[in-house]
Structures are given as C-alpha cells and as structure tokens.
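Source: prediction; values computed, not measured. Ligands are counted one by one from 1 in listed order, and the atoms in each one are counted from 1 as well.
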Amino acid sequence: MKTIDDLDVAGKRVFVRADLNVPLKGDTITDDGRIRAVAPTIAKLLERGAKVVVASHLGRPKGEPDPQFSLAPVAVRLGEILGTPVAFATDTVGDSAKATVAALGDGEVTLLENLRFNAGETSKDDAERGAFADQLAALADLYVGDGFGAVHRKHASVFDLPARLPHAAGLLIEKELGVLKRLTEDVARPYVVVLGGSKVSDKVGVIENLLGKADRILIGGGMMFTFLAAQGHSVGASLLQEDQIPVAQDYLARGKEAGVEFVIPVDTAVAGSFPDLKGGTPAEGFEVVGVEAIPDGKLGLDIGPETARLFAEKLADAATVFWNGPMGVFEHPQFADGTRAVAQALLDSKAFTVVGGGDSAAAVRILGFDENKFGHISTGGGASLEYLEGKTLPGIAALEG
Ligand code: ADP
Ligand code: MG
C-alpha cells in the first residue's frame, strides 16, 4: 500500500476521504476526536503545497440534502484545528464544489458537503456508485484514503473513487492498520477482549474469530443478556437477541474446549424503563440485582459493581486488551459506572490497550479519561471489528489495488 510520502502532491488537487462523522447536538460537536485524528494528514498535504479537497459522510441522510446532517459545523472546527480557514462547499459535486475547488491555491483546503446527500455514495448498484465516483474524480488529481471508520463500507468515495485516481493511504489509516496488526499477529498474552454496546448481532460475529486468538473474553453491554439467556437466566425486559442464544451457547461450549475463558456478568443495574438521557432525571425503579434475580419487566442497563470488580481482576494481568462497546448506557450517570470501571481497569493494567468504536471512544472522553493514556483509541468500531473478524475491508483493498 502506498503512503502519502509516495505521492508528489505539490500543486495537485488531492481528494482526502476522511471520516468526520462526529456526534452533534444541534450545531454543536460533542466529541471532535475524529476531526483531530485526520488533521495530521491534511496538515502534511497542505505543508507540501497540495490543494486539499476533504470529503466525508455524516450520519445517515437518505441520499438527498438534509440540513440536520450538514458538515458546515465540522468545516469550522476543522479550520480551528488546522489553524487555517477551510472553504466549505455547500454541495458534493455541484456548482459550489466545482467553484470552491477551482478557487483553491496551493496549500489551501476545502471541505465538501456530506457525501451521503448524493444517493450514488451508498448505492448497491455498481453503475450508480460508479457514476458518482466519476463526478468526484473530476474534482481531483490524486486520492488519499484516510476515513478509517468507513473502510468497511463499499461506498463510492471509499471503494470506487480510488480505482479512478492515483492513490495512497493517509497517516490515520497507516496508524490504525499498524495497531490492528498488533492484535492479530504475534499478540502479547494474556490477550483480553472486552465486548459491549448495543449492536449485538453486528458484534457476535467477531467472537467466532476471537475464539482462536483471545485468552479471555469479557461480555458486558446489551450483549450480556443474550449470554445470560444462553446460561438459562431470565433477563426481564433487557435487550435480548433471541436468535443468537444458540450461537452464544455454541461459543461458550467451544470456548471451554479451546481454553478461552468467557467472563459473563454476575450482577446488573436495572430500571423499570429506558432512562431519560436528555433530562438526566433518576431512572425509575433503579436497583442492582444478581443475574439470577432480574425482575420480570425490568431491563438491565449496566453491569453491576461485583461484575465491575470481576472484570478489573480479569484485566489486571493482561498484556493486550481490545475493548469495543460501552458496558452500559453510559449516557445516563446511573448507568456509567461499569464503563468507567472498565476504562479505569485498562489504565491500571500494563497492557497495550486499544479502544475501538465510535461510542466507546466518545465514552472514554466524555467520562473524563485522558485519551493519551490509552495505547490507541481507534476511530473505527465496525471497521476494527470486521478487520478482527478476518474480513476484507473494501476501502483497504481499494488502496492496495
Ligand atoms: P460502539 O459505537 O462503541 O461500537 P455501540 O454503537 O455498539 O458501540 O453501542 C453503544 C451504545 O450501547 C451506547 O449508546 C449505550 O447506551 C448502549 N448500551 C450499552 N449497554 C446497553 C444495555 N445494557 N442496553 C441498551 N443499550 C446499551
Ligand atoms: Mg456506535
């Protein structure tokens, strides 16, 4: 795979596919980690006299302009981080984009509007994606792929565009791939994996691959209830993926055979209903119960304190840790303790620690931890997991081609 050092960028228009999909509340960016993560690549290209055209998606608009998903606030923040103004194009391949790119001088940068405002970006139809990629290609001479959080997507700007321009990987993708290699080749042991979050079915697949690699797998978050159900517990109204119960049972059995230790919660913090995340009012019916005593009708929203202690113990001697998915609904203060405890356990261990996933990375920062104290905070959850599952990532394959 070529890197940006292999490209002669001076005076050239360089298209940088970034992942600037940051969490927003109205116009306010609540976590700018992904903007800061790609800034070094842009800065380096500018320093070398490139005309830089940055593009990204944000959220899931439906293939047409939708102001609530505008990248305009991101252009402002990117400019602050780079210390140079970022011209904002109010469309992707239209008059505004063409004019803004044409006006760029050497060492200047523009950000295009949300790529997903065009249906071609995410289309399953090769021709429709290709047509959009052709329009994007007309805006640039060279392509730099640095949107790590999107490389598992077969999207026009990620997969089809690099085939149309001389291309290279940006600094962020280089760094992310280097870290993932450390988790797959010659990993330092004990290797402990912590899984949580809410996208259960998305994440169950990674366990298959980890069975041959991890020494210990800790299960928290929404996924824990499928495993508890697999062990015969009733889980009340908690998040449960019924069709995955046999899969979880199979993993537990195969883990035993392969000498992989599954650590399943022993207690959980429950409430009578999903808590109000905006108002932060106390959750109704809050209590901590053993996993054998989850009341009917209540839902588990965090691991309990006994489990937090158990997880900390299981992390203490780790040499490598990969963590994806918050342990609970950390957005509400009553259900943040489990996530906080795991983050602290990572910092207390001597392990090389990797935190992957949009919400996991945001959780660590929002809970006030110093991100620099972790080995690596990945900008990509789905991308990291698919890499660890051994899948081919379209955006990486395209850069290698
Ligand atoms: P990531 O983005 O790090 O990959 P996910 O998107 O899978 O993580 O999950 C993050 C979300 O999971 C958080 O918004 C959190 O509130 C939610 N979550 C964690 N535990 C539970 C639970 N027990 N029940 C419901 N949602 C949960
Ligand atoms: Mg998420």
Side-chain angles (χ1 to χ4, degrees), residues 19 21-25 30-31 33-34 57-60 148-150 152-153 193-207 218-229 233 235-241 244 264-265 267-278 280 283 286 288-289 291 294 298-304 307-308 311 322-343 346 354-367 369 371 374 376-389:
D19 175 6
N21 183 25
V22 293
L24 283 171
K25 265 198 186 132
T30 55
D31 182 61
R34 282 182 164 163
H57 69 287
L58 178 82
R60 297 186 174 211
F148 180 71
H152 59 312
R153 307 286 185 203
V193 175
V194 190
L195 294 174
S198 59
K199 297 181 199 156
V200 178
S201 43
D202 280 12
K203 297 182 182 196
V204 169
V206 71
I207 298 175
L218 281 44
I219 307 279
M223 200 186 294
M224 66 187 261
F225 302 100
T226 303
F227 279 81
L228 288 171
H233 295 293
V235 299
S238 309
L239 204 64
L240 177 64
Q241 203 92 35
Q244 300 289 325
I264 311 295
D267 59 353
T268 173
V270 302
S273 59
F274 200 85
D276 168 29
L277 300 182
K278 290 207 181 79
F286 176 89
V288 172
V289 296
V291 292
I294 301 175
K298 286 206 173 178
L299 56 164
L301 296 165
D302 194 10
I303 58 172
T307 305
F311 281 13
F322 174 72
W323 174 25
N324 169 261
M327 294 294 97
V329 180
F330 72 93
E331 296 92 337
H332 191 284
Q334 277 179 302
F335 303 103
D337 290 351
T339 302
R340 190 180 289 111
V342 164
L346 258 60
V354 180
V355 183
D359 291 292
S360 310
V364 161
R365 291 188 284 256
I366 289 166
L367 295 176
F369 290 93
E371 59 183 335
F374 294 87
H376 179 68
I377 301 211
S378 176
T379 51
S384 303
L385 288 174
E386 289 197 17
Y387 183 98
L388 294 180
E389 278 175 56

Answer key: the N, O or S atom of Asp359 nearest to the Mg ion (ligand 2) is OD2
The closest protein heavy-atom partner of atom 15 (C) of ligand 1 is Glu331 OE1, 3.5 Å
Intermediate values then yes/no, side-chain contact (heavy atoms from CB on, under 4.5 Å), Met223 and Ile207
CA-CA 12 Å; Met223 200 186 294; Ile207 298 175; 4.2 Å; yes
>> So for His332, does at least one of its heavy atoms come nearer than 4.0 angstrom to any atom of ligand 1?
In response: no
Practice problem: Please confirm whether the backbone N or O of Gly338 pairs with a side-chain atom of Asp302, one donor and one acceptor, at under 3.5 Å? | Solution: yes
**Request:** Measure the acute angle between the ring planes of Phe286 and Phe335, then classify it against the limits of 30° and 60° as parallel, tilted or perpendicular.
**Result:** tilted
**Item:** contact_flag Gly381 ligand 1 heavy-atom lt 4.0 Å
**Value:** no
query = Within the side chain of Thr30, is there an N or O that forms a donor-acceptor pair under 3.5 Å with the backbone of Pro23?
reply = yes
Among non-hydrogen protein atoms, atom 21 (C) of ligand 1 lies closest to Gly222 N, 3.7 Å
Within 4.0 Å of some non-hydrogen atom of Gly197, the atoms of ligand 1 are 7 (O), 9 (O), 12 (O)
* For the pair Asp19 (side chain) and Phe148 (backbone), establish whether a donor and an acceptor sit closer than 3.5 Å, ignoring hydrogens and angles. => no
- Item | Sub-3.5 Å N/O-N/O distance, Gly300 and ligand 1 | yes
Note: Asn324, heavy atoms under 4.0 Å from ligand 1, region reported as side chain
In ligand 1, the atoms that come under 4.0 Å of a heavy atom of Gly221 are 20 (N), 23 (N)
ask   = Under 3.5 Å, side chain of Ser378 to main-chain N/O of Val355, donor-acceptor pair present?
value = no
message = Treating Asn21 as the side-chain partner and Gly59 as the backbone partner, does any N or O pair qualify as donor plus acceptor under 3.5 Å?
response = yes
- Between Asp359 and ligand 1, does any nitrogen or oxygen pair lie at a separation below 3.5 Å? yes
Under 4.0 Å between heavy atoms, the region of Lys203 that gets near ligand 1 turns out to be side chain
In ligand 1, the atoms that come under 4.0 Å of a heavy atom of Ser360 are 1 (P), 3 (O)
* To do: Could you tell me whether a side-chain N or O of Asn324 sits under 3.5 Å from a main-chain N or O of Leu195, the two making a donor and an acceptor?
  => no
dist Leu388:CG -> Lys203:NZ (nearest 0.5 Å) comes out at 12.0 Å
Residue, atom and distance of the protein heavy atom nearest atom 11 (C) of ligand 1 read Ser198 OG, 3.6 Å
So for Phe225 against ligand 1, with non-hydrogen atoms under 4.0 Å, the contacting part is side chain
> Taking Gln334 for the side chain and Ala283 for the main chain, is one N or O donor matched with an acceptor at less than 3.5 Å?
Replying inline: yes
Ranked by distance from atom 27 (C) of ligand 1, the top protein heavy atom is Val329 CG2, 3.6 Å
